[in-house]
There are 2 protein chains.
Amino acid sequence: MSEKRNLTDTFAALGDPTRFAIVERLLQDGELPAGTLHGVADLSAPAMSRHLRVLREAGIVSQRVDAQRRLYQVRPEAVKAINDWAISYADFWSGSFDRLSAALRKRTAK
Amino acid sequence: MSEKRNLTDTFAALGDPTRFAIVERLLQDGELPAGTLHGVADLSAPAMSRHLRVLREAGIVSQRVDAQRRLYQVRPEAVKAINDWAISYADFWSGSFDRLSAALRKRTAK
DNA sequence: GCGTTAATTAACGCTTATTGGAAATAAAAA
DNA sequence: TTTTTATTTCCAATAAGCGTTAATTAACGC
């Protein structure tokens with residue numbers, strides 16, 4: 001039920017420096033509990049929790065419950081959606097748009 | 001002098017539905033005067049002008065003066081920057097990450 | 001059951017963004 | 001020069017977002 005989402009919500013969620021840092025941390029380290037993420041910015045647990053909620057509601061991260069911990073990870077579809085959008089305009093921004101990139105474009109556009 | 005910019009600002013600017021619609025319109029139609037863009041949303045000219053300013057300051061669009069009109073267009077680098085970011089995590093979100101996409105990745109990352 | 005740990009929710013204030021309307025600026029047309 | 005068209009800036013009001021502390025829920029070990 002958190003599938004049909006437009007890119008605007010995604011961009012809005014990533015538009016905050018703290019949330020962007022959270023996402024990059026998760027992209028690099030994989031799945032992490034909320035507590036560990038406190039390190040990415042100097043803010044309280046509640047503040048972190050609310051940022052995670054925003055990311056969750058935007059469909060950017062998924063939450064998994066493990067005992068009293070909440071494990072977060074980035075949803076691949078979210079990043080892929082951003083890539084698909086940018087790629088769909090590749091002939092505009094890419095000076096060297098050629099057969100090779102067109103192949104990937106077709107592939108990821110599917 | 002509006003080159004060194006982080007993705008966060010870009011995402012923040014695109015996080016607004018009106019501004020995202022403006023950018024998509026410009027991506028599809030190319031260069032357009034501010035007046036023509038009024039059509040993308042039901043808002044006053046001043047409101048539109050302010051949205052365009054945000055996009056300009058985020059480095060997403062460029063402005064060209066033609067007589068009394070201001071012509072706007074998307075800066076290719078802005079969309080490319082988004083693509084580069086997503087591509088840099090392609091091995092995470094792409095289930096079928098292979099040699100072909102790796103080639104494009106190397107290419108666009110340059 | 002109790003206390004501890006992990007995380008979220010609630011309530012509050014503060015700062016920043018956004019908006020509409022009016023006025024200002026600038027160039028072209030009459 | 002006066003008028004018209006296009007766009008931006010100024011201003012006041014409203015709305016949204018973010019952070020903090022305090023309270024709450026949930027699960028573990030003793």
Side-chain angles (χ1 to χ4, degrees), chain A residues 1-2 5-26 29-75, chain B residues 2 5-23 25-26 29-75:
Chain A
M1 32 230 56
S2 58
R5 217 165 274 296
N6 49 8
L7 265 190
T8 307
D9 292 335
T10 301
F11 286 146
L14 292 177
D16 178 82
T18 301
R19 286 194 291 268
F20 186 74
I22 291 171
V23 169
E24 288 222 301
R25 179 72 191 279
L26 288 174
D29 295 5
E31 196 176 43
L32 290 176
T36 302
L37 289 167
H38 289 186
V40 307
D42 183 30
L43 35 71
S44 64
M48 171 60 65
S49 184
R50 283 195 314 125
H51 279 302
L52 287 171
R53 170 198 269 269
V54 172
L55 289 172
R56 208 187 321 137
E57 292 181 344
I60 297 173
V61 303
S62 62
Q63 187 197 55
R64 187 169 69 86
V65 176
D66 170 48
Q68 66 268 72
R69 295 187 312 169
R70 266 73 171 178
L71 298 172
Y72 287 90
Q73 67 180 67
V74 176
R75 295 181 63 242
Chain B
S2 58
R5 217 165 272 297
N6 50 7
L7 264 190
T8 307
D9 291 336
T10 301
F11 286 146
L14 292 177
D16 178 83
T18 301
R19 286 194 290 265
F20 186 73
I22 291 170
V23 170
R25 180 73 193 278
L26 288 174
D29 296 5
E31 197 175 44
L32 289 177
T36 303
L37 289 166
H38 290 185
V40 307
D42 183 29
L43 35 71
S44 64
M48 170 60 65
S49 182
R50 277 187 297 269
H51 279 302
L52 288 171
R53 170 199 270 268
V54 172
L55 289 172
R56 209 186 321 139
E57 291 181 343
I60 297 173
V61 302
S62 61
Q63 187 197 54
R64 186 168 70 86
V65 177
D66 170 49
Q68 68 268 67
R69 296 186 312 171
R70 267 71 171 178
L71 299 172
Y72 287 90
Q73 68 180 61
V74 176
R75 294 181 64 241

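Chain naming here is simple, since letters A, B, ... match the order of the sequence lines and numbering starts at 1 in each.
For the helix from dG1(C)-dC30(D) to dA30(C)-dT1(D), the axis fitted to the five pairs at one end and the axis fitted to the five pairs at the other end meet at an angle of 20° (nearest 10 degrees).
Atoms CG (Leu71(A)) and P (dA27(D)) sit 14 Å apart, rounded to a whole Å. Going from atom CZ of Arg53(B) over to atom C1' of dT7(D) covers 12 Å, rounded to whole Å. Here dT18(C) presents its P atom at 11 Å from CG of Leu55(B), a figure rounded to the nearest Å. As rounded to whole Å, 17 Å separates atom P of dT5(D) from atom CZ of Arg70(B).
Residues in residues 38-47 of chain B take part in no salt bridge (Lys or Arg N to Asp or Glu O under 4.0 Å) pair, two or more places apart or across chains.
Rounded to the nearest 0.5 Å, atoms CG (Leu43(A)) and CZ (Arg50(A)) are 10.0 Å apart. Between the CZ atom in Arg19(B) and the CE atom in Met48(B) there is a gap of 11.0 Å [rounded to 0.5 Å]. Considering CG of Leu26(B) and OG of Ser62(B), their distance stands at 9.0 Å, rounded to 0.5 Å. Interatomic distance, Asp16(B) CG to Ile22(B) CD1, rounded to the nearest 0.5 Å: 8.0 Å.
Taking the six-membered ring where the residue is Trp, Phe11(A) and Phe20(B) present tilted rings, their angle falling between 30° and 60°.
In this view, Arg69(B) and Asp66(B) satisfy the side chain to side chain donor-acceptor pair (under 3.5 Å) rule, not counting sequence neighbours. With sequence neighbours excluded, no residue forms a side chain to side chain donor-acceptor pair (under 3.5 Å) with Gln73(B).
Within the structure, every side-chain polar atom (N or O) of Arg69(A) is placed at least 4.0 Å from both OP1 and OP2 of dC28(D). The side chain of Tyr72(B) places no N or O atom within less than 4.0 Å of a non-bridging phosphate oxygen (OP1 or OP2) of dA6(D).
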For nucleotides 27-30 of chain C, give me every protein contact, N/O to N/O, under 3.5 Å, one pair per line with atom names.
| unit_1 | atom_1 | unit_2 | atom_2 | d |
| --- | --- | --- | --- | --- |
| dA28(C) | O4' | Gln68(B) | NE2 | 3.2 |

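No donor-acceptor pair under 3.5 Å is formed between the side chain of Arg56(B) and the backbone N or O of Val61(B).
Counted by atom type alone, Tyr72(A) and Arg64(A) present zero donor-acceptor pairs between their side chains at under 3.5 Å.
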Protein proximity profile, nucleotides 10-23 of chain D - base contact B, sugar-phosphate-only contact S, no contact -, cut-off 4.0 Å on heavy atoms = B-------BBBBB-
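Inter-residue side-chain proximity for His51(B) and Leu37(B) is flagged as unmet; no heavy-atom pair is nearer than 4.5 Å.
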